[in-house]
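What follows is one structure encoded as structure tokens, with my remarks underneath.
Nothing here was measured: the structure is a model prediction, and the numbers come from that model. Throughout, protein chains are lettered first and strands after them, A, B, ... in sequence-line order, and every chain is numbered starting at 1.
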Amino acid sequence: MKIAVLAVQGAFIEHEKMLASLGAEVIELRKKKDVLQEFDGLVLPGGESTVQGKLIRELDMFDILKKKIEDGIPVLATCAGLILLAEKISNDTRKHFATLPVTVMRNAYGRQLESFYTEGDFGKLKNVPMEFIRAPYIESVGEDVEILSKVDDNIVAVKYNNQLAMSFHPELLSDTRIHEEFLGMLI
Amino acid sequence: MGKRYDLNKELAQMLKGGVIMDVTTPEQAKIAEEAGACAVMALERIPADIRAAGGVSRMSDPKMIKGIQEAVSIPVMAKCRIGHFVEAQILQAIGIDYIDESEVLSPADDVYHIDKTKFNVPFVCGARDLGEALRRINEGASMIRTKGEPGTGDIVQAVRHMRKMNSEISKIVSLREDELFEEAKKLQVPYDLVCYVHENKRIPVVNFAAGGVATPADAALMMQLGAEGVFVGSGIFKSGNPAKRAQAIVKAVANFEDAELIASLSEDLGEAMVGINEQEIELIMEERGK
């Protein structure tokens, strides 16, 4: 299994290490040449969505990646990655891949002082540790979007066909269950 | 140190592979965000102008910082003077995302740094070597940057500091375990932090380059030397075409090993900041706070 991790900015190395520890082969996507390779899954990591959204366009990766997502490649998106996938961003005029029928709010909890840790359910997984860092949350979802997690009534994780997206950062902690679930989507 | 400290270290992890730009107005902040900055540093005068103006340099007007917070959606950082914990309290009160306890401003205390463990807001601090970096981390810093020599446009000091830190890390990694006690004593840092470096081959927080970055090539040089991201201070808004230079530096950091790309990014950037050579500097900022 070859997993491609978007590596233009943000916490991509953390995903790479976790996926490698689960036995996946990992490649980095930094420019057009990289996205032309064959790969079986895609990870959109945390970071700043404004930076990542700009660089994937200007480094000519946008169209190819969007097509791959639309064609059904399994995607794991965390924090900024969720924003890249969202069809609508309520507090930003930008939008990016727009392949996930949800409306998200950027920095929905506020500034860094409002960043927090909690534990919650993620679909069938119980007591999943969740770190929210200047995180977005999902305000509303479209048809056929499965809600996996809610924290204080706000939607923080969803699944829609091949796309698994969340506001928090499973890559920063030692609990590998969400990454295992993602790798399970590849089989 | 608990969960808050982890979350603060992790915000720095989210900034990795990015460029943090000094800005003095909401308009500059917007230019920086549009150009792809992963955060901005709000300050009244950029280091080059602080050098030119002389005198005591302090924390910026909170109103000016708030204006920048309102102008952009990316994290906003601001500087306080070394040891000036009340300036830090003020910055925390206005909800800043990261405080830079910075040698660029005039130090408020020539002995003590701020006890950063007493704050909820994260701190980044400058370091010239591993000892300084680990001392700042022990005081509660959740991110480190090289000091370089700010406001000069000269990369030599940042290179020196990054290489020094790297070689000191390599040395600790190569030591026998029973030699780590003596190394902690020499570096004037806690034994536990030396053990961390020995085991993990790195410092426990994210490490950026800062001080003297003026071109895409400078930024890529620091990344190839092991920086995890770059601060650009005077280099952008003291140059001929700030927006273009800022975008070029962002792309060079994302693809720091791609010489062909960096070559094309380096074309027609207009005038770089003039810069001051090491031998011409009258005020050595890196000597502040050890």
Would you say A:Glu180 and A:Leu22 make side-chain contact, with heavy atoms under 4.5 Å?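 Of all side-chain heavy-atom pairs linking A:Leu22 with A:Glu180, at least one is under 4.5 Å.
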Test item: B:Ile203 and B:Leu130 side chains (from C-beta on) under 4.5 Å apart, heavy atoms: yes
Are there donor-acceptor atom pairs under 3.5 Å between chain A and chain B, and if so which?
{"unit_1": "A:Gln9", "atom_1": "NE2", "unit_2": "B:Met14", "atom_2": "O", "d": "2.9"}
{"unit_1": "A:Gln9", "atom_1": "NE2", "unit_2": "B:Leu15", "atom_2": "O", "d": "3.3"}
{"unit_1": "A:Gln9", "atom_1": "NE2", "unit_2": "B:Lys16", "atom_2": "O", "d": "3.1"}
{"unit_1": "A:Gly10", "atom_1": "N", "unit_2": "B:Lys16", "atom_2": "O", "d": "2.8"}
{"unit_1": "A:Glu14", "atom_1": "OE1", "unit_2": "B:Lys16", "atom_2": "NZ", "d": "3.2"}
{"unit_1": "A:Glu14", "atom_1": "OE2", "unit_2": "B:Gln13", "atom_2": "NE2", "d": "2.7"}
{"unit_1": "A:Glu14", "atom_1": "OE2", "unit_2": "B:Lys16", "atom_2": "NZ", "d": "2.5"}
{"unit_1": "A:Arg30", "atom_1": "O", "unit_2": "B:Asn255", "atom_2": "ND2", "d": "3.0"}
{"unit_1": "A:Arg30", "atom_1": "NH1", "unit_2": "B:Ala254", "atom_2": "O", "d": "2.8"}
{"unit_1": "A:Lys31", "atom_1": "NZ", "unit_2": "B:Asp258", "atom_2": "OD2", "d": "3.0"}
{"unit_1": "A:Lys54", "atom_1": "NZ", "unit_2": "B:Glu34", "atom_2": "O", "d": "3.3"}
{"unit_1": "A:Lys54", "atom_1": "NZ", "unit_2": "B:Gln247", "atom_2": "OE1", "d": "3.2"}
{"unit_1": "A:Glu58", "atom_1": "OE1", "unit_2": "B:Lys251", "atom_2": "NZ", "d": "2.9"}
{"unit_1": "A:Arg106", "atom_1": "NH1", "unit_2": "B:Ser73", "atom_2": "OG", "d": "2.8"}
{"unit_1": "A:Arg106", "atom_1": "NH2", "unit_2": "B:Ser73", "atom_2": "OG", "d": "3.0"}
{"unit_1": "A:Asn107", "atom_1": "ND2", "unit_2": "B:Ser73", "atom_2": "O", "d": "2.9"}
{"unit_1": "A:Arg111", "atom_1": "NH1", "unit_2": "B:Asp97", "atom_2": "OD2", "d": "3.0"}
{"unit_1": "A:Arg111", "atom_1": "NH2", "unit_2": "B:Gln69", "atom_2": "O", "d": "3.1"}
{"unit_1": "A:Gln112", "atom_1": "N", "unit_2": "B:Asp97", "atom_2": "OD1", "d": "2.9"}
{"unit_1": "A:Gln112", "atom_1": "O", "unit_2": "B:Arg4", "atom_2": "NH1", "d": "3.2"}
{"unit_1": "A:Gln112", "atom_1": "NE2", "unit_2": "B:Leu7", "atom_2": "O", "d": "3.3"}
{"unit_1": "A:Gln112", "atom_1": "NE2", "unit_2": "B:Asn8", "atom_2": "OD1", "d": "2.8"}
{"unit_1": "A:Leu113", "atom_1": "O", "unit_2": "B:Arg4", "atom_2": "NH2", "d": "3.4"}
{"unit_1": "A:Ser115", "atom_1": "O", "unit_2": "B:Arg4", "atom_2": "NH1", "d": "3.4"}
{"unit_1": "A:Ser115", "atom_1": "O", "unit_2": "B:Arg4", "atom_2": "NH2", "d": "2.7"}
{"unit_1": "A:Glu131", "atom_1": "OE2", "unit_2": "B:Lys3", "atom_2": "NZ", "d": "3.3"}
{"unit_1": "A:Arg134", "atom_1": "NH1", "unit_2": "B:Asp97", "atom_2": "OD1", "d": "3.0"}
{"unit_1": "A:Arg134", "atom_1": "NH1", "unit_2": "B:Asp97", "atom_2": "OD2", "d": "2.9"}
{"unit_1": "A:Arg134", "atom_1": "NH2", "unit_2": "B:Ser73", "atom_2": "O", "d": "2.9"}

With a 4.5 angstrom heavy-atom cut-off, which part of B:Pro122 approaches chain A: side chain, backbone, both or neither? side chain
Could you tell me which portion of B:Ala39 (side chain, backbone, both or neither) has an atom closer than 4.5 angstrom to a non-hydrogen atom of chain A?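 Interface part for B:Ala39: neither.
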Test side chain to side chain contact (heavy atoms under 4.5 Å, CB included) applied to A:Phe168 and A:Ile178, step by step: CA-CA 11 Å; A:Phe168 54 93; A:Ile178 291 175; 3.7 Å; yes
Could you tell me which non-hydrogen atom of B:Ala42 sits nearest to which non-hydrogen atom of B:Val76, and how far apart they are? CB-CG1, 4.1 Å
When the side chains of residues 141-158 of chain A are checked against the rest of the protein, which donor-acceptor pairs come out under 3.5 Å, sequence neighbours left out?
{"unit_1": "A:Ser149", "atom_1": "OG", "unit_2": "A:Asp121", "atom_2": "O", "d": "2.8"}

Consider only side-chain N and O atoms of A:Thr99 and A:Gln163, and report whether a donor and an acceptor are under 3.5 Å apart.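 There is such a pair between these side chains.
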Can we say A:Lys67 and A:Asp63 salt-bridge, meaning some charged N sits less than 4.0 Å from an Asp/Glu carboxylate O?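 Here A:Lys67 does not pair with A:Asp63 in a salt bridge, since their nearest N and O are not under 4.0 Å apart.
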Please look at A:Phe132 and chain B and tell me whether the side chain, the backbone, both or neither of the residue comes under 4.5 angstrom of a heavy atom of that chain. backbone
So for A:Leu113, is it side chain, backbone, both, or neither that comes closer than 4.5 Å to the heavy atoms of chain B?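 Contact with chain B: backbone and side chain both.
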Are B:Phe85 and B:Phe119 close enough that their ring centres sit under 6.0 Å apart? no
